[in-house]
Amino acid sequence: MSDVSAFIGVGRMGGPMARNLARNANALGRRVRVFDKSNAAIAACQDAGADAAKSLEEAVGGADVIFSMVPAGPDVRSLYMDKGGIFEIAPKGALLVDCSTIDVATAQEVAKEARERGFRMLDAPVSGGVAGAEAATITFMVGGEASDLAEVRPQLEKMGAKVVHCGPSGMGEAAKICNNMITGISAVAVAESYAIGQRLGLDPKILYDVVSTSSGQTNIGTRNPPVAGIVDTASANRNFEPGFTIALMLKDLRLSQAAAKQVDQASPVGAAAAEIFALAAGAGLANLDTAGIYKLIAGKTLTD
Ligand code: NAD
């Protein structure tokens, strides 16, 4: 059995995750090899002790565990299933751990093909954002066989603070997008509340004081209220510098709508939230933090 972990896709999230894994490589008794389409992203992992691979083939050659963290479903499909992709070039029997946030149907389809081609596969999307990836405090939501999770758990625990087995293939993605749908809907609800309150003449600090200890309390409203000068953790203090962007939230809301369609489940509030985030992205707010949805709701421009 080899002791090499390959990490493919070391961007904003995968980069800090791979660095935390590499920093703990000795303790785990492993080597960590990274590959990305971007040379700069690869170079940023070398100081943490990761080996730089010049190609996907070099990265996965001899690896018994392969992590991936790429943007979306089509990227995952292409990375694993294309000619010259992981299914063709990785050692048979390797444990494949895709941490990307993608649609449930694609995660299940790729995992099924992995099994048919002699691999084992987990979907293991994360929550906690870039800061959480850097601090190794992210949560992994894992779909797949419990025995495969047990094998890779020590490595996940070096990259995150919590690992939850959510069920068979696809259930990690299901948990992730169901969770993020609640956050997206909450962000809109919180923004609307502050906009109404302010127009009524209610001091936002008083609204915060009440809501953060009342039935309207939400994680985003307490940690990240949309008005500056209330709590230090609010992105509003820094003109909604992200954090988790409106573009990423729109992506996740679209994924939850695709999942709702897949199982014929009505999701009218999630659908409305997705449309509101699409309007915000169209209005030039895509790179603001999720709480910046307040700008659209309150009728403010990017520079207001
Ligand atoms: P990113 O664009 O910063 O990083 C993706 C990296 O993958 C890039 O460096 C890109 O070059 C690389 N890549 C893509 N295809 C590749 C291939 N075939 N071979 C090698 N490298 C390849 O994106 P990110 O913000 O790190 O997001 C990655 C995933 O994590 C997404 O699914 C996103 O939804 C999810 N996520 C992001 C956050 C966040 O706050 N950024 C939080 C939780 C989850």
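We count ligands from 1, going down the list as the structure has it; atoms in each ligand are counted the same way.
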Lys/Arg N to Asp/Glu carboxylate O, Glu151 vs Arg120, below 4.0 Å: yes

- prompt: For atom 9 (O) of ligand 1, which of Leu56, Asp36, Val10 has the closest heavy atom?
  reply: Asp36

task: Identify the protein heavy atom lying closest to atom 32 (O) of ligand 1, giving its residue, its atom name and the separation to 0.1 Å.
output: Pro71 O, 2.7 Å

- line: With heavy atoms and a 4.0 Å threshold, my read on which part of Leu248 contacts ligand 1 is side chain

message: Check Glu157 with Lys162, please: is the shortest side-chain N to carboxylate O separation under 4.0 Å?
response: no

query: Is Asp252 close to ligand 1, meaning an N/O of one under 3.5 Å from an N/O of the other?
result: no

query: Would Asn224 and Ser235 satisfy side chain to side chain donor-acceptor pair (under 3.5 Å), going step by step from the backbone distance to the final call?
result: CA-CA 6 Å; Asn224 196 1; Ser235 60; 3.0 Å; yes

field: Selected option - heavy-atom contact closest to atom 33 (C) of ligand 1, from Met69, Lys251, Glu173, Met13
entry: Lys251

message: Under a 4.0 Å threshold between the charged nitrogen and the carboxylate oxygen, would Arg254 count as salt-bridged to Glu275?
response: yes

statement: ligand 1 to Thr101, heavy atom cutoff 4.0 Å, flagged ligand atoms 32 (O), 34 (O), 35 (C), 44 (C)

Under 4.0 Å to a heavy atom of Leu79 - the qualifying atoms of ligand 1, by number: 18 (N)

field: Centroid separation Tyr194 to Tyr294 less than 6.0 Å
entry: no

message: Below 3.5 Å, N or O to N or O, backbone or side chain included: is there any such pair between Lys37 and ligand 1?
response: yes

field: Verdict with supporting geometry, Arg77 and Ile102, side-chain contact (heavy atoms from CB on, under 4.5 Å)
entry: CA-CA 10 Å; Arg77 196 183 284 274; Ile102 65 170; over 6 Å; no

task: Could you tell me which atoms of ligand 1, counted from 1 in the order shown, lie closer than 4.0 angstrom to a heavy atom of Ser100?
output: 32 (O)

- prompt: Is a side-chain donor-acceptor pair under 3.5 Å present for Thr106 with Asp103?
  reply: yes

- request: Enumerate the atoms of ligand 1 whose separation from the nearest heavy atom of Phe244 is less than 4.0 angstrom.
  value: 38 (C), 40 (O), 42 (C)

message: Considering only residues two or more places apart or on different chains, which pairs with a residue in residues 229-253 satisfy salt bridge (Lys or Arg N to Asp or Glu O under 4.0 Å)?
response: none

query: Taking both backbone and side-chain atoms of Val70, is any N or O found less than 3.5 Å from an N or O belonging to ligand 1?
result: yes

query: Taking only residues at least two apart or on different chains, which pairs with a member in residues 20-38 satisfy salt bridge (Lys or Arg N to Asp or Glu O under 4.0 Å)?
result: Arg30-Asp64, Arg31-Asp51

query: So which of Leu255, Val126, Val130 gets nearest to atom 43 (C) of ligand 1, if we judge by its closest heavy atom?
result: Val126

message: Is a donor from one side chain sitting under 3.5 angstrom from an acceptor on the other, for Gln155 and Ser5?
response: yes

query: Counting N and O atoms only, with roles assigned by atom type, does the side chain of Thr218 sit under 3.5 Å from a partner on the main chain of Ser186, one being a donor and the other an acceptor?
result: no

query: Nearest protein heavy atom to atom 23 (O) of ligand 1, by residue and atom, and its distance?
result: Arg12 NH2, 3.9 Å

message: Quick test of your reading of the structure: of Gly11, Ser55, Pro242, whose heavy atom lies closest to atom 4 (O) of ligand 1?
response: Gly11

Heavy-atom gap Gly129 to ligand 1 smaller than 4.0 Å: yes

- prompt: Can you list the atoms of ligand 1 that are under 4.0 Å from a heavy atom of Lys176?
  reply: 43 (C), 44 (C)

query: What atoms in ligand 1 come closer than 4.0 Å to a heavy atom of Ile8?
result: 19 (N), 20 (C)

